[in-house]
Chemist: 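Questions regarding the structure given below will be posed in turn.
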Amino acid sequence: MKRPSKIKLIAWVASILPAGWFIINYALGAYNPYPTLFLTQFAGKTAIVFLLLSLACTPLRNIFSCSSLNQPRKVFGLASFYYALAHALTFLVLDYHLKWNWLLPEFQNKPYLLLGLAALLLLLVLALTSIRSFQKRTADLWIKIHRWVYPTTLLVLIHQYFAIKGDKRTAILYLVIFGILMILRVPFIKSKVRIKREDSFQKINRWLLS
Ligand code: HEM
């Protein structure tokens, strides 16, 4: 089996760290008296961060001419899906014990939950179709499906905006970051923001790929 590159290992470790952090603090009782609510919020926030990180890889690759930044895209995307799943399951199973007579009114009264559900289903499709054999067999279809990541992120960001009860500054900041990442994909802008090829970047790039 091929040894994973350093950048992939770094990305995997980075994806596991938040879960480790949560488990240690949970064991220490840091989230009492509402550990379930804390887990819902923590997993949701982590899912969004990884989604934005996966979207940031391509623009950063273009800006710094660092091909290694292609590699963490999938790892971050999958991490986002796993944290989003943990987030939704905590709410549906631990909080509401999958009781549909409790859940249905919640979904009816809080439309942002429906947006979250739609986003989760889209993330599931993206995760399932990221398997290499699917990617190889259906190259064109795969590219089309993976463009859904942009509307999916928008759904998630709207879901977050309406779900947060108090200060909405973080949600607005994430929307701005998403906007910037989208602008950096516009071909005209893309060609303007490229940083001159530096030897130091190329050295780091080779090290990350090794
Ligand atoms: C079935 C799908 C989903 C359900 C039922 C759901 C449910 C919820 C609920 C109930 C809250 C409010 C938590 C509170 O009381 O503070 C919330 C907030 C949030 N959700 Fe979801 N969600 C879903 C999907 C997603 C997905 C796919 C993501 C991200 C990829 C996500 C990210 C967030 C974030 C970031 C927050 C705000 C957390 C905070 O800062 O307080 N959700 N969600």
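Indexing begins at 1, ligand by ligand and atom by atom, following the structure's order.
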Chemist: Identify whether NZ of Lys or CZ of Arg in K168 sits under 6.0 Å from the centre of the six-membered ring of Y161 and within 45° of that ring's axis.
Modeler: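 Yes; both conditions hold, so K168 lies above the ring face of Y161.
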Chemist: Give the ring-plane orientation class for H159 versus H87, where under 30° counts as parallel, over 60° as perpendicular and anything between as tilted.
Modeler: perpendicular
Chemist: Have a look at ligand 1 and work out which part of K110, if any, has a heavy atom under 4.0 Å from it: side chain, backbone, both or neither.
Modeler: neither
Chemist: Could you pull out the closest heavy-atom pair between F107 and L114, with the gap in Å?
Modeler: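 That closest heavy-atom pairing would be CD2-CD2, 3.7 Å.
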Chemist: Around atom 16 (O) of ligand 1, find the nearest protein heavy atom and jot down its residue, atom name and distance.
Modeler: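 For this ligand atom, the closest protein heavy atom is Q41 NE2, 2.6 Å.
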Chemist: Do you see a donor-acceptor pair shorter than 3.5 Å between the side chains of R73 and T58?
Modeler: yes
Chemist: Considering only heavy atoms, does L37 approach ligand 1 within less than 4.0 Å through its side chain, its backbone, both, or neither?
Modeler: side chain
Chemist: Just by modelled atom types, is the W148 backbone N or O under 3.5 Å from a matching donor or acceptor in the T152 side chain?
Modeler: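 Yes: the side chain of T152 pairs with the backbone of W148.
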Chemist: Does W142 use its side chain to pair, donor to acceptor, with the backbone of F134 at less than 3.5 Å?
Modeler: no
Chemist: If every non-hydrogen atom of L103 is compared with every non-hydrogen atom of F91, which pair is closest and at what distance?
Modeler: CD2-CE2, 3.9 Å
Chemist: In terms of atom number and element, which parts of ligand 1 are under 4.0 angstrom from non-hydrogen atoms of L117?
Modeler: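 The atoms of ligand 1 under 4.0 Å from a heavy atom of L117 are 1 (C), 2 (C).
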Chemist: For the residue pair E106 / Y96, report whether a side-chain donor-acceptor contact shorter than 3.5 Å exists.
Modeler: yes
Chemist: Does S65 offer a backbone N or O that forms a donor-acceptor pair with the side chain of Q202 under 3.5 Å?
Modeler: yes
Chemist: Which N, O or S atoms belonging to the protein are less than 2.8 Å from atom 21 (Fe) of ligand 1?
Modeler: H87 NE2, H159 NE2
Chemist: Tell me which one of K45, K165, E106 gets a heavy atom nearest to atom 15 (O) of ligand 1.
Modeler: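 Nearest heavy atom to atom 15 (O) of ligand 1 lies in K165.
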Chemist: Below 4.0 Å from any atom of ligand 1, is there a heavy atom belonging to L51?
Modeler: no
